[in-house]
2 protein chains.
Amino acid sequence: MSETTDRPYHHGDLRRALIDTALGILATDQNWTFTLREVARRTGVSHAAPYKHFRDREDLLRELARIGFIRLGQGMTEAVGAKGLSVREKFIVGAGACIDFALHNPGLYRLMFSADADKTADTHLHDAAMDTFGILLRLLEEGQQNGCFRPAAISALAAASWAQVHGLAMLAINGQLLEEKVGMEPVRAALDVLLDGLCQRDGHTGSVYDPEPYPKVI
Amino acid sequence: MSETTDRPYHHGDLRRALIDTALGILATDQNWTFTLREVARRTGVSHAAPYKHFRDREDLLRELARIGFIRLGQGMTEAVGAKGLSVREKFIVGAGACIDFALHNPGLYRLMFSADADKTADTHLHDAAMDTFGILLRLLEEGQQNGCFRPAAISALAAASWAQVHGLAMLAINGQLLEEKVGMEPVRAALDVLLDGLCQRDGHTGSVYDPEPYPKVI
DNA sequence: ACCTCCATGTTTACAGGAGAAACTTATGCA
DNA sequence: TGCATAAGTTTCTCCTGTAAACATGGAGGT
């Protein structure tokens, strides 16, 4: 009830303002069912204004996802970059940063990994996602060169690690880690399980590339 | 261009027909952006007819998800039930069935685990999901009683396992297991990693419930 | 056989949203 | 000074979800 129509015709940085509004709604509602018109309304512009900055609704969603990947990457880089950590500790801390991010930004995190943020439709989004994924890859390589992680194909370790961390994050977000809230112990324990599996050991290692595929998968 | 208006006024089993149509669209488009009107149209009824069988659009989506969980559960039960398998083999085969299902029904699988199929809003859906989840739990218990799996809290093992399998399924669906298609080897290898971690071993087991939480997580 | 009820359809109506097109404003630059 | 253009606004069309009122025909009681 303060500003009447004294807003200048040109917003200044409407694109940024729209993104902020959308991120705000995403954080509040934990979903991205908001309409583009609502974003415009809350930002105080006409419902067609956003189309000057985003091709369509999905274009905005992809931009939000891209920002999400950048922020996630920053968080993980920061966590992993701490001095004096072993590879195993880096791994734990990096995964923790990811799950932490997911828990603090559940809507955004879900959007980032949803089909509505189609990575094949936006090079920038794809690149941002790959940059973040690269943090994990470098960690695995480091651990492997260390002799700490088993010498299986890096893609296999990456699949296992990424599936585990992302899976835990999704379970944590959905509160499905357990029927009742038990805190973060299961997460920690699950990561221990993963790391114990990743680590160098005597037996089994040879079976990693067992030629026979398991049944019923393409 | 064959049937004019000879269709009987009462469909007979419109509910089922609508579900089948929706499942068909889901399988084709790999998303659930279809409108309720389109489902009605393709089923050959008026656009308001579905409301006699589903409260709203989400109600239909939840029913689709429920059916998905039942089918997934059937596939996994069948796979795990094969005679003469070790627990480890059962695990591999069960996970394979899950990933197999996801690869063959990517749209449905994504819907099942999306927020659009809100499990808190539908007891039947929640129950179906829990039944399927129960397959994994029973397997873990069996392995633990065997002495094959480490004696950590079952919730921890479940978190690790479920995160891994579901994570792999999502990565597989999204083609993110690797830049180029490399087949299912990484999946197999990732499951080996998980199983090696799940298994009984000498060291580390004690650290599973390390009292100090890792940094930066709530 | 007939009447009546009610689940299952259909038609009509309305409030919104996506997005295109045409119009307006103000700003940077020649 | 003045115009080209980016950035907003208005207006319009088509579509959706969903409610309400109406139609139909099969099942059950008489």
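So that the names make sense, note that chain A is the first sequence line, chain B the second, and so on, each numbered from 1.
To the nearest 0.5 Å, atom OG1 of residue Thr77(B) and atom CD1 of residue Ile70(B) are 11.5 Å apart. Separation of atoms CZ (Phe54(B)) and CG (Leu60(B)) is listed at 5.0 Å; rounding is to 0.5 Å. For the atom pair Lys52(B) NZ and Ser46(B) OG, the distance stands at 9.5 Å (nearest 0.5 Å).
Using a 4.0 Å heavy-atom criterion, one finds that Arg41(A) contacts the sugar-phosphate atoms exclusively.
Using a 30° and 60° split on the angle between ring planes, His166(A) and Tyr109(A) fall in the tilted class, from 30° to 60°.
Between the P atom of dG17(D) and the CH2 atom of Trp32(B) lies a distance of 16 Å, rounded to the nearest Å. Regarding Glu38(A), its CD atom lies at a distance of 8 Å from the P atom of dG17(C), rounded to whole Å. Distance, Arg42(A) CZ to dG17(C) C1': 16 Å, rounded to whole Å. Between the P atom of dA7(D) and the CZ atom of Arg16(A) lies a distance of 16 Å, rounded to the nearest Å. One interatomic measurement links the two molecules: CG of Leu18(B) to C1' of dT8(C), which rounds to 12 Å at whole-angstrom precision.
Phe69(A) pairs with exactly one of Phe133(A), Phe101(A), Phe113(A) by the ring-ring contact (aromatic ring centres under 6.0 Å, His included) rule, that one being Phe113(A). Checking Asn174(B), Asn105(B), Asp116(B), Asn31(B) one by one against Arg110(B), the side-chain hydrogen bond (donor to acceptor under 3.5 Å, both in side chains) holds for a single residue, Asn174(B).
Interface residues of residues 50-63 of chain A facing DNA chain C, ordered by number: Tyr51(A), Asp56(A), Arg57(A); criterion, heavy-atom separation under 4.0 Å.
Between Glu142(A) and Arg138(A), no side-chain nitrogen of the basic residue sits less than 4.0 Å from a carboxylate oxygen of the acidic one, so the salt-bridge criterion is not met. A salt bridge links Glu63(A) with Arg66(A): the closest approach of a Lys/Arg side-chain nitrogen to an acidic carboxylate oxygen falls below 4.0 angstrom.
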Each nucleotide N or O in nucleotides 10-13 of chain D that has a protein N or O under 3.5 Å away: list the pair and distance.
{"unit_1": "dT11(D)", "atom_1": "O4", "unit_2": "His47(A)", "atom_2": "NE2", "d": "3.4"}

